[in-house]
Amino acid sequence: MKAVMLEEFQEPLEVQDVERPEPEPHGIVAEVDGCGVCRSDWHCWQGDWDWFGYRPDPPHILGHEPCGTVVEVGEDVESVAEGDHIAIPFNFACGKCELCRNGRENICENHIGLGFMNEAPGAFAEEVHVPNADINAVPLPDEIDPDTAAGIGCRFMTSYHGMAHRGDVGNGEDVVVHGLGGVGLSAVHIADALGANVIGVDLFEEKLEKAEQLGAVTTVNASEVDDPAKEVHDITDGGADCSVDALGIATTCQNAVNSLAKGGRHVQIGLTTAEEEGHVSLPTDEFVAKEIDFRGSLGLQPSRYPEMLDMIRTGKIDPKELVSETVGIEEVPDRLAAMSDYDTMGIPVCNEF
Ligand SMILES: [Zn+2]
Ligand SMILES: [Zn+2]
């Protein structure tokens with residue numbers, strides 16, 4: 001089958017012919033219907049995420065935002081059948097550890113990152129293996145078509161968890177989202193649907209316009225002001241209730257935290273880059289004086305997909321709004337290369353293999 005292979009970090013990616021996966025007893029194999037092209041693929045390709053354990057030994061298949069149709073089922077799988085349409089989270093859970101048993105399977109002790117770790121070859125491929133499929137293969141309702149499901153990827157579902165659970169936003173609160181890539185725009189759309197007043201911050205005018213289309217009440221172009229955080233304080237008359245760093249560079253993280261009002265909460269969704277290597281300097285005393293919460297947010301636990309899928313099914317949120325273009329597998333290497341210049345909008349999806 002065709003697959004996008006990482007042969008050497010930072011060297012051009014190739015589409016190659018590789019072996020199809022076989023299901024492990026607890027796993028399934030799905031034919032990939034769609035797979036989002038994400039900045040996280042780009043970071044993995046650059047070899048950025050050594051400190052996070054997301055640096056596979058090449059050769060490795062990239063891709064971590066798939067939805068698919070089950071084509072083969074391992075003998076120990078109980079709840080998944082051939083022909084099922086499924087969403088596939090990138091952060092595979094074991095289903096057995098204490099976190100899994102307490103509904104926090106997105107941060108499972110035995111976490112395996114699809115497309116990021118040796119144990120899980122990725123989904124820029126005709127077929128992908130899903131381990132522990134009774135947990136990690138999330139059934140899709142019939143009303144959600146493959147094009148919509150393909151937009152759920154990691155960015156949309158990650159933003160859902162960040163806004164609905166970790167940020168707990170709503171009730172007319174002011175939420176500021178710094179960095180309007182796929183995660184940031186999804187966060188704007190979802191926070192708006194949850195009842196927040198959303199402010200989007202980015203350097204690019206077209207991303208700010210898209211944020212307003214998706215429900216932002218106003219935006220700040222960070223390239224045109226001295227201090228974006230001060231702008232947010234002026235707009236909100238005292239600071240945001242919740243801030244989001246959806247990019248993961250020092251500047252957006254610091255600006256997001258500095259945008260907060262007293263008692264505010266910061267949601268960190270973006271992982272940092274090779275520049276920060278996981279460390280950003282933050283105004284610690286402000287956390288004390290203002291009683292600010294700093295909350296990390298990783299993926300979305302499979303057990304909580306149904307609430308997001310319900311909101312999609314009833315039209316309150318729509319992942320398709322974020323899908324900027326669809327491409328064939330041959331174009332994936334170029335789409336990822338374009339991310340070196342931040343030259344992408346929303347969520348490109350690969351849906352031809
Ligand atoms: Zn677990
Ligand atoms: Zn992603």
Side-chain angles (χ1 to χ4, degrees), residues 4 6 26-27 32 34-46 48-49 52-54 56 60-67 87-117 119-120 122-125 128 130-137 149-162 179-187 190 245-248 268-273 297-304 308 319 322-324 327 332 335-336 338-339 342 344-351:
V4 177
L6 167 67
H26 54 77
V32 178
C35 184
V37 183
C38 177
R39 177 158 296 279
S40 300
D41 302 309
W42 181 88
H43 280 299
C44 187
W45 167 36
Q46 298 301 304
D48 278 355
W49 284 346
F52 197 71
Y54 275 10
H60 188 74
I61 305 173
L62 292 177
H64 64 278
E65 301 200 348
C67 64
I88 304 167
F90 70 93
N91 43 347
F92 291 146
C94 74
K96 297 189 177 76
C97 72
E98 196 174 326
L99 288 161
C100 278
R101 283 186 280 116
N102 284 289
R104 303 195 74 180
E105 62 271 30
N106 58 321
I107 52 169
C108 168
E109 292 290 0
N110 305 303
H111 169 111
I112 295 172
L114 170 65
F116 299 118
M117 293 166 70
E119 298 91 324
F124 289 136
V128 65
V130 181
N132 300 313
D134 284 320
I135 295 160
N136 297 316
I152 295 172
C154 90
R155 284 157 286 185
F156 198 84
M157 62 89 147
T158 292
S159 296
Y160 182 82
H161 181 56
L180 299 172
V183 168
L185 288 173
S186 300
I190 292 162
D245 174 15
L247 184 57
Q268 184 67 31
I269 302 181
L271 288 172
T272 65
T273 71
S297 189
L298 180 75
L300 166 68
Q301 50 274 64
S303 60
R304 297 195 77 172
M308 175 183 71
L322 278 303
V323 175
S324 49
V327 300
V332 170
R335 295 320 297 150
L336 285 172
M339 288 187 179
Y342 291 85
T344 47
M345 256 280 276
I347 299 180
V349 167
C350 171
N351 67 351

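Please read all numbers here as calculations on a predicted model, not as lab measurements. Counting starts at 1 for both ligands and their atoms, following the listed order. For the numbers below, each heavy atom of this structure counts, side chains included, while hydrogens, waters and symmetry mates do not.
Applying the side chain to side chain contact (heavy atoms under 4.5 Å, CB included) test to Pro131 and every residue at least two apart in sequence or in another chain returns His26, Phe92, His129. Qualifying ring-ring contact (aromatic ring centres under 6.0 Å, His included) partners for Phe156, counting only residues two or more places apart in sequence or in other chains: none.
Ring orientation note: the planes of Tyr54 and His111 are close to parallel, at an angle under 30° on the 30°/60° scale. Ring geometry for Phe116 versus Trp49: interplanar angle of 30 to 60°, hence tilted.
Only protein N, O or S atoms were considered, and those under 2.8 Å from the Zn ion (ligand 1) are Cys94 SG, Cys97 SG, Cys100 SG, Cys108 SG. The set of protein atoms (N, O or S) found at less than 2.8 Å from the Zn ion (ligand 2) reads Cys38 SG, His64 NE2, Glu65 OE2, Cys154 SG, by chain and number.
Between Leu114 and Pro66, some side-chain heavy-atom pair lies under the 4.5 Å cut-off. The closest side-chain heavy-atom distance from Trp42 to Leu62 is not below 4.5 Å. Annotation: side chain of Ser186 is in contact with side chain of Ile347 (closest heavy-atom distance under 4.5 Å).
Considering all non-hydrogen atoms of both residues, Cys100 and Ala93 come closest at SG-CB, 3.7 Å.
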Intermediate values then yes/no, side chain to side chain contact (heavy atoms under 4.5 Å, CB included), Met308 and Ile152 | CA-CA 10 Å; Met308 175 183 71; Ile152 295 172; 3.5 Å; yes
